[in-house]
There are 2 protein chains.
Amino acid sequence: MGHTSDFERLLRGVDLRVTRPRVAVLSAVHDHPHADTDSIIRAVRQDLGEVSHQAVYDVLRALTSAGLLRRIQPSGSVARYEARVGDNHHHVVCRSCGSVADIDCAVGHAPCLTAAEDHDFVIDEAEVTYWGTCPRCAAQAHQ
Amino acid sequence: MGHTSDFERLLRGVDLRVTRPRVAVLSAVHDHPHADTDSIIRAVRQDLGEVSHQAVYDVLRALTSAGLLRRIQPSGSVARYEARVGDNHHHVVCRSCGSVADIDCAVGHAPCLTAAEDHDFVIDEAEVTYWGTCPRCAAQAHQ
DNA sequence: AACGGATCTTGACTCGTTCAAGAAAGCAGT
DNA sequence: ACTGCTTTCTTGAACGAGTCAAGATCCGTT
């Protein structure tokens with residue numbers, strides 16, 4: 001789902017040095033969208049052998065602020081990361097197991113950003129989190 | 001902004017025992033909407049003298065699950081509580097100072113809940129968080 | 001007034017994340 | 001390729017928000 005050289009290109013494109021941990025993190029997040037930090041650490045270690053958790057935290061921060069990753073954090077969850085950036089998509093979160101799926105913005109860009117009374121805030125983004133039950137948990141509840 | 005007896009009535013209305021910490025927490029959240037747990041603890045102590053933080057955590061959980069309070073937690077923030085419950089309103093969060101303000105749901109109930117492709121999740125709530133800059137921080141940035 | 005279960009106190013502890021100092025690695029220029 | 005400078009990684013400690021657990025206290029009913 002993406003070759004090492006693709007990730008190298010992505011990194012150079014945003015003026016970041018190419019390091020093995022960075023490539024491995026990019027690869028892990030591409031392969032496991034919405035993974036939390038711990039899962040990413042495990043994936044990276046499976047790929048490279050021992051890597052410090054601090055390195056992964058640093059990499060995740062660098063890649064996020066460079067715009068290669070997006071960090072999401074639904075209430076009650078730890079931080080999760082995804083590689084789908086630059087579009088205005090949202091997320092559904094399962095109340096029971098915490099799993100996350102992507103939701104395309106239903107009503108388009110403009111309506112999402114329209115707030116009736118904005119208290120003089122300058123609003124630049126509207127983030128929508130849908131809450132519900134995932135198919136797997138719904139099936140278990142019906143037994 | 002609400003007398004002790006009002007809060008007592010609220011508590012009895014949801015079959016919760018009336019205790020001094022509970023009344024004080026209800027009062028604090030009514031007076032300081034979107035306050036975080038630490039602020040609430042300080043407000044409660046100013047009111048009652050020493051109260052354990054654990055008691056406040058317990059009370060916040062009990063009141064939230066009874067529906068008297070609502071808990072919100074924007075990414076990167078600690079938990080915050082508000083007493084405005086039962087309506088579908090949303091929040092603006094200032095990226096710079098973290099302050100929160102209420103936003104009424106602009107497009108009504110139904111559209112908010114409409115997701116184009118829901119991955120077979122059963123969606124029961126759509127939570128919107130607007131991100132931007134509050135008037136105070138905007139003014140400081142313009143100097 | 002007394003009882004029983006809910007609630008509060010106390011104190012330890014967990015977990016995700018960050019801080020800090022030094023070692024190692026990437027990359028530009030020779 | 002080699003140097004040197006800077007960024008990045010390793011190591012290990014620390015932090016803050018929140019939770020767990022056991023016993024004392026309080027609320028509301030009998």
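Here is the naming used below: chain letters follow the sequence lines, and residue numbers restart at 1 for every chain.
Distance A:Ile40 CD1 to C:dG16 C1': 13 Å, rounded to the nearest Å. Between B:Glu50 atom CD and D:dT25 atom C1' there is a gap of 16 Å when expressed in whole angstrom units. In this structure, A:His53 places its NE2 atom 13 Å from P of D:dC9, rounding to the nearest Å. Atom pair A:Leu16:CG and D:dT7:C1' shows a separation of 10 Å (rounding to whole Å applied). Atom CG of B:Asp38 is separated from atom P of D:dA17 by 6 Å (rounded to the nearest Å). Atom pair A:Leu11:CG and C:dC27:P shows a separation of 9 Å (rounding to whole Å applied). Whole-Å rounding puts the A:Asp58 CG to D:dT8 P distance at 9 Å. Here the P atom of nucleotide D:dT8 and the CG atom of A:Leu26 are 14 Å apart, to the nearest Å.
Of all nucleotides listed (D:dG28, D:dT10, D:dC9), D:dC9 comes nearest to the side chain of A:Val59. Checking C:dC8, C:dC27, D:dT10 against every side-chain atom of B:Ala55, the shortest atom distance belongs to C:dC8. Candidate nucleotides C:dT9, D:dG18, C:dT17 were compared by shortest atom distance to the side chain of B:Thr37, and D:dG18 ranks first.
Linking Ile, Leu, Val, Met, Phe, Trp and Tyr residues whenever their side-chain heavy atoms come within less than 4.5 Å leaves B:Val128 and B:Val85 in two separate clusters.
Using a 3.5 Å distance cut-off with no hydrogens or angles, the side chains of B:His34 and B:Asp102 do pair a donor with an acceptor.
Residue A:Ala62 is out of contact with every strand shown, counting any heavy-atom pair closer than 4.0 Å. Backbone-only contact: B:Arg61 has heavy atoms under 4.0 Å from sugar-phosphate atoms and none from a base.
Nearer to the 5' terminus of DNA chain C, by closest-nucleotide assignment, is the contact made by B:Asp15 (compared with the other of B:Asp15 and B:Gln54). Positionally, the nearest nucleotide of DNA chain D for B:Arg71 lies more toward the 5' end than for the other of B:Arg71 and B:Val18.
B:Thr19 has no side-chain polar atom (N or O) that falls below the 4.0 Å cut-off from OP1 or OP2 of C:dA6. For D:dC9, neither phosphate oxygen OP1 nor OP2 lies less than 4.0 angstrom from any side-chain nitrogen or oxygen of A:Arg17. Applying the 4.0 Å criterion to OP1 and OP2 of C:dT18, one finds that A:Tyr57 has every side-chain N and O outside that range. Look at B:Arg22 and you'll find a side-chain N or O under 4.0 angstrom from OP1 or OP2 of C:dT7.
For A:Ser27 (side chain) and A:Val23 (main-chain N/O), no donor-acceptor pair under 3.5 Å exists by modelled atom type. A donor-acceptor pair is defined here as one N or O able to donate and one able to accept, closer than 3.5 Å; no such pair exists between the side chain of B:Arg95 and the backbone of B:Thr133.
The residue from A:His32, A:His89, A:Arg71 that alone fulfils the side-chain hydrogen bond (donor to acceptor under 3.5 Å, both in side chains) condition with A:Glu82 is A:His89.
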